[in-house]
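Notes for the one structure printed next.
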Amino acid sequence: MLIAISSGTYWYVRIQLVGRGWLTQVFRIVRNGHLLHDSLTPPKETESQSQLSTWHGYVDWKNRPALTKKHGGLLAASFVLVVEVLENLAFLANASNLVLYMSEYMHFSPSKSANSVTNFMGTAFLLALLGGFLSDAVCTTYYIYLISALIEFMGLVVLTIQARSGSLKPPTCDLQAAPNVPCEQVHGAQAAMLFIGLYLVALGVGGIKGSLPPHGAEQFDEATPQGRKQRSTFFNYFVFCLSFGALIAVTFVVWVEDNKGWQWGFGISTFAIFLSIPIFLAGSSFYRNKIPCGSPLTTISKVLIAALVNSGVSRNSTTAIVSMTSSPSPPIPTVKEGGEDSNREGVGSIHTPSTSLSFLNRAVSDTPACSALECSVQQVEEVKIVMKILPIFACTIMLNCCLAQLSTFSVQQAASMNTKVGSLKVPPASLPVFPVVFIMILAPVYDHFIIPFARRVTKTEMGISHLQRIGIGLFLSIVAMAIAALVEIKRKGVVTDSGLLDSAKPLPITFFWIAFQYLFLGSADLFVLAGLLEFCFSEAPVSMRSLATSLSWASLAIGYYLSSVIVSIVNRVTGISTNKPWLAGSNLNHYHLERFYWLMCILSALNFMHYLFWAAKYKYTTVKSSK
C-alpha cells in the first residue's frame with residue numbers, strides 16, 4: 001500500500017508491505033525527484049515541514065488548507081473582538097433609544113413603541129439561528145459575517161435617509177402647546193420605509209450574531225488545555241467588547257441623537273458597521289475557517305424521523321444495536337485538530353449508543369424503513385447532545401424577557417424622572433451605562449482572578465462550570481425584578497405627593513434610582529450570556545457549533561417576543577377583571593408597572609427552580625482536570 005502526502009515541494013511517502021502475517025513500513029522523503037530519506041523509521045519533522053502541517057477540517061480565506069503555524073490563535077481572534085465593538089455599537093446605538101424615536105417622531109403610543117422595539121430586537125436575535133445554520137451548512141463564518149455586515153449597512157442607510165428628510169416622517173406635534181390635537185402616527189409609504197430599514201438591520205445583525213462568536217472561538221486549538229483556556233478567555237472578552245461598544249452607544253451616540261438629531265445617530269451607526277468590514281478583512285490571512293459539514297437540521301430531522309418510524313416497525317435480533325441498553329455510555333471523543341493524527345482519530349469511533357434518551361437509539365437499525373433514514377450511532381449521539389442542551393437554553397429565556405424591560409418601560413420610567421446631573425442633562429436611554437461599566441470591570445476580574453482561584457480550589461479546568469455561571473445569572477434576575485418593583489412603588493409615591501399625575505414635567509426624583517435594576521440585570525446578563533455562549537459551543541458537536549452557539553441569541557429573541565406576549569396577556573386579563581389594563585394608555589403614571597414587575601419576579605423564581613432541575617441532571621460531554 002502506498003500513501004503519499006504532498007507539502008509543497010516535499011512528498012512524504014509511506015509504503016506498507018504486508019506478507020506472511022507481518023507489516024513493514026518504509027518511510028521516504030522525496031524532494032524534486034531526489035530521495036532524501038529511506039528508512040524503516042519515520043524521519044524527524046524539520047522546522048519547514050512543521051510550518052506546513054495543517055489544521056484538519058479548516059481552510060484559510062482562499063479555501064486552502066489552514067496551517068498550524070500561521071492560522072488561528074489569539075492574533076486572529078483579536079480582529080473579531082475589535083469588530084464586535086463596532087458591530088454592537090452600530091446595533092445598540094439605535095436599539096437602546098429606539099423606543100423614544102418611535103414614540104416622539106413616529107408617534108406610536110408607549111405600549112406600541114415598546115412592542116415595536118421588542119419585536120425588532122427579537123427578530124434580530126432570532127435570525128442569528130439563520131446565520132448559524134448557514135455557517136454550519138453552506139459557507140464559512142468568514143463569508144456569512146461579510147454578507148451580513150453589508151445587509152446591516154444598507155438598512156442603516158435607509159434609516160439615516162428617513163431621519164434626515166422631514167417629508168419621510170409624520171408631521172411634528174406638540175402635546176404641551178396643543179394637548180387636544182392628536183399626533184399623526186406614521187403610516188403608508190413612510191411606515192414601509194421605517195420597517196424595511198429596521199428589518200434589514202435585523203437581518204444583518206442576526207447573521208453577524210450567528211457567525212462572529214463561533215468564528216472567533218474556532219481560532220483556538222481545543223485539543224490542548226491552553227487552547228481551551230484561551231477560548232474561555234475569548235468568550236469573556238467577547239462580552240467585554242460587546243459591552244464596550246454598548247458603552248459608546250448609550251453615551252456618545254445617544255447624546256448625539258437627543259441633541260443633534262437622529263440622522264446623526266443613524267449616520268454614526270452606519271459608519272461604524274462600514275468600518276468593521278475592512279478591519280475584519282485585515283485579519284483574513286490569520287483566520288482559520290471551519291469547513292461546513294452540511295445541514296445540521298438534516299441530521300437532526302433524520303434521526304428524529306427515523307426513531308419515530310422505526311419504533312413502529314417490529315424489530316428482530318438483527319437490529320440488536322438498538323437494544324444494547326445495558327452497554328456503557330461512552331463519551332464522544334474529542335476531535336484532534338492538528339497534524340496527521342487528526343485524520344486517524346475522530347468522532348466516528350463510537351460504535352455503541354448510550355443509554356440516555358434511549359428512544360433515539362431506535363434510529364439506528366440494520367433494516368431501516370428506507371435508505372434515506374439510515375442513521376449512524378455517531379449521528380444519534382450528536383442529536384442527543386443537542387436535545388440535552390435545549391432545556392438549559394429554554395431556562396434562559398425568562399431572564400431575557402426581563403432584560404427586554406431595560407429598553408422599554410425602564411427607559412420610559414427614567415424619562416419621567418429628573419435626569420440632570422449637575423448642569424448636564426443625561427438622556428434616559430443612557431441608563432444602561434451602569435450595567436455596561438460594571439460588566440467591563442467584572443469581566444477581566446472574573447477571567448484573571450476569580451477563575452484562576454476557582455481552578456486551584458476545584459482542581460478542574462473550568463473552575464466555575466458553565467451551568468453554575470448561568471445559575472448565578474438567573475438568580476440575580478430575580479433580585480433585579482424585585483428591586484424594579486420597589487423602585488416603581490417609590491416613583492409612584494413621588495407622583496402622588498407632587499401632584500404631577502397628568503403632567504409632562506419631570507418628577508422631583510433622580511433617575512439614579514432606576515440604575516439599581518439596570519445594575520443587577522446587567523450582571524445577570526454577563527453571567528448568563530458568556531456562560532451560555534461557551535456552554536453551547538464547547539458541548540455541541542463540531543458540525544453544529546455555529547447553530548448551537550446561536551441559541552444564546554435565540555434565547556434573547558424569544559425573551560423579547562415573550563415580553564410582548566406577557567404585556568398583551570396582562571392587559572387583556574386585567575382589562576377584563578378591572579376594566580382598566582395595567583399597561584395601557586399614553587401616560588406611564590397611570591400604569592400599574594409595579595404589579596407587572598412583581599409578576600416578572602415570581603415568574604423568574606419559578607424559572608430558576610426549573611433550571612436547577614435540569615442543571616442537576618446534565619452531564620458534561622467531557623470533564624477535564626486542571627493542568
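Since we're looking at a predicted model, the values are computed, not measured.
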- Which distance, rounded to the nearest 0.5 Å, do you find between the CD1 of Ile470 and the CG of Leu467? 5.5 Å
- Message: Can you confirm if the NZ or CZ of Arg231 lies within 45° of the ring axis of Phe220 and under 6.0 Å from the centre of its six-membered ring?
- Response: no
- Message: Please give me the minimum heavy-atom distance between Leu533 and Pro213, naming the atom from each residue.
- Response: CD2-CB, 4.5 Å
- Note on the structure: When every non-hydrogen atom of Val239 is compared with those of Ala530, the smallest separation belongs to CG2-CB, 3.6 Å
- Task: For Ser356 and Lys619, test the side chains for any donor-to-acceptor distance below 3.5 angstrom and give the result as yes or no.
- Result: no
- Task: Please report the C-alpha distance between Tyr561 and Ile397 in whole Å, then the side-chain angles of each, then the deciding distance to 0.1 Å, and finally whether the side-chain contact (heavy atoms from CB on, under 4.5 Å) criterion is met.
- Result: CA-CA 10 Å; Tyr561 284 131; Ile397 293 173; over 6 Å; no
- Query: Taking all non-hydrogen atoms of both residues, which atom of Val528 and which atom of Gly473 are closest, and how far apart?
  - Reply: CG2-CA, 3.6 Å
- Using the ring of each side chain (for Trp, its six-membered ring), is Phe240 parallel, tilted or perpendicular to Phe244, with breaks at 30° and 60°? parallel
- Query: Ignoring hydrogens and geometry, is there a side-chain-to-backbone donor-acceptor pair from Thr270 to Phe266 under 3.5 Å?
  - Reply: yes
- Message: So for atom CZ, which belongs to Phe271, do other residues, nucleotides or ligands contribute more than 12 heavy atoms lying within a distance under 6.0 Å?
- Response: no
- Below 4.5 Å, heavy atoms only, C-beta onward: do Thr458 and Ile464 meet side chain to side chain? no
- Task: Measure up the Phe153 and Phe274 rings against each other and bin them: parallel (under 30°), tilted (30 to 60°), perpendicular (over 60°).
- Result: tilted
- Message: How close do Lys209 and Leu242 get, counting heavy atoms only, and between which atoms?
- Response: NZ-CD1, 4.3 Å
- Gln219 side chain to Arg288 main-chain N or O, any donor-acceptor pair under 3.5 Å? yes
- How about Glu218 and Tyr287: do any of their side-chain heavy atoms sit closer than 4.5 Å? no
- Please check if the side chain of Asn63 supplies one atom and the backbone of Val59 the other of a donor-acceptor pair under 3.5 Å. no
- Query: Which of these, Glu222, Glu461, Glu534, sits in a salt bridge (charged side-chain N to carboxylate O under 4.0 Å, His left out) with Arg228?
  - Reply: Glu461
- Message: Within the structure provided, determine whether Ile151 and Val201 are in side-chain contact (heavy-atom separation under 4.5 Å).
- Response: no
- Message: I'd like to check Trp264 versus Val253 (side-chain heavy atoms, cut-off strictly below 4.5 Å). Are they in contact?
- Response: no
- Message: If we ignore hydrogens and angles and just use 3.5 Å, is the side chain of Asn236 paired with the main-chain N or O of Asp447 as donor and acceptor?
- Response: no
- Message: Which heavy atom of Ser550 sits nearest to which heavy atom of Gly132, and what is that distance?
- Response: OG-CA, 3.4 Å
- Query: Is the Phe234-Phe537 ring centre distance short of 6.0 angstrom?
  - Reply: no
- Message: Quick one, Ile208 with Ile273, criterion side-chain contact (heavy atoms from CB on, under 4.5 Å). Give me CA distance, side-chain angles, the key distance, then yes/no.
- Response: CA-CA 11 Å; Ile208 291 172; Ile273 197 64; 4.0 Å; yes
- Note, Gln468 side chain near Met462 side chain (heavy atom, < 4.5 Å): no
- Message: Quick check for you: to the nearest 0.5 Å, what is the distance between Asp221 atom CG and Gln230 atom CD?
- Response: 9.5 Å
Which donor-acceptor pairs under 3.5 Å do the side chains of residues 77-86 make with protein atoms, sequence neighbours left out?
residue, atom, partner, partner atom, Å
Ser78, OG, Leu75, O, 2.5

- Message: Is the ring pair Tyr142/Trp61 parallel, tilted or perpendicular, if the boundaries are 30 and 60 degrees?
- Response: tilted
- Query: Does any non-hydrogen side-chain atom of Leu200 lie less than 4.5 Å from one of Leu159?
  - Reply: no
- Query: What closest approach, in Å, do Cys536 and Ala548 show between heavy atoms, and which atom pair accounts for it?
  - Reply: CB-O, 3.3 Å
- Message: What's the separation between atom CG in Asp136 and atom OG in Ser295, rounded to the nearest 0.5 Å?
- Response: 9.0 Å
- Point-to-point distance, once rounded to the nearest 0.5 Å, from CH2 of Trp553 to CG of Leu532: 10.0 Å
- Does Phe280 have its ring centroid less than 6.0 Å away from the ring centroid of His215? yes
- For Thr299 and Ser543, run side-chain contact (heavy atoms from CB on, under 4.5 Å): C-alpha distance rounded to whole Å, both residues' side-chain angles, the deciding distance at 0.1 Å, then the answer. CA-CA 10 Å; Thr299 302; Ser543 60; over 6 Å; no
- Item | From Leu203 atom CG to Leu198 atom CG, the distance as rounded to the nearest 0.5 Å | 13.0 Å
- Query: Checking side-chain hydrogen bond (donor to acceptor under 3.5 Å, both in side chains) against Tyr145, which of Ser211, Ser135, Ser276 comes through?
  - Reply: Ser276
- Query: Is there a donor-acceptor pair closer than 3.5 Å between any side-chain N or O of Ser301 and the backbone N or O of Thr298?
  - Reply: no
- How long is the gap from CG on Leu529 to CG on Leu399, to the nearest 0.5 Å? 9.5 Å
- With a 4.5 Å limit on heavy-atom distance, are the side chains of Val386 and Phe393 in contact? no
- Determine whether Thr141 and Leu212 make a side-chain contact, defined as any pair of heavy atoms from C-beta on separated by less than 4.5 Å. no
- Derivation and outcome, side-chain contact (heavy atoms from CB on, under 4.5 Å), residues Phe438 and Ser523: CA-CA 7 Å; Phe438 186 72; Ser523 304; 2.8 Å; yes
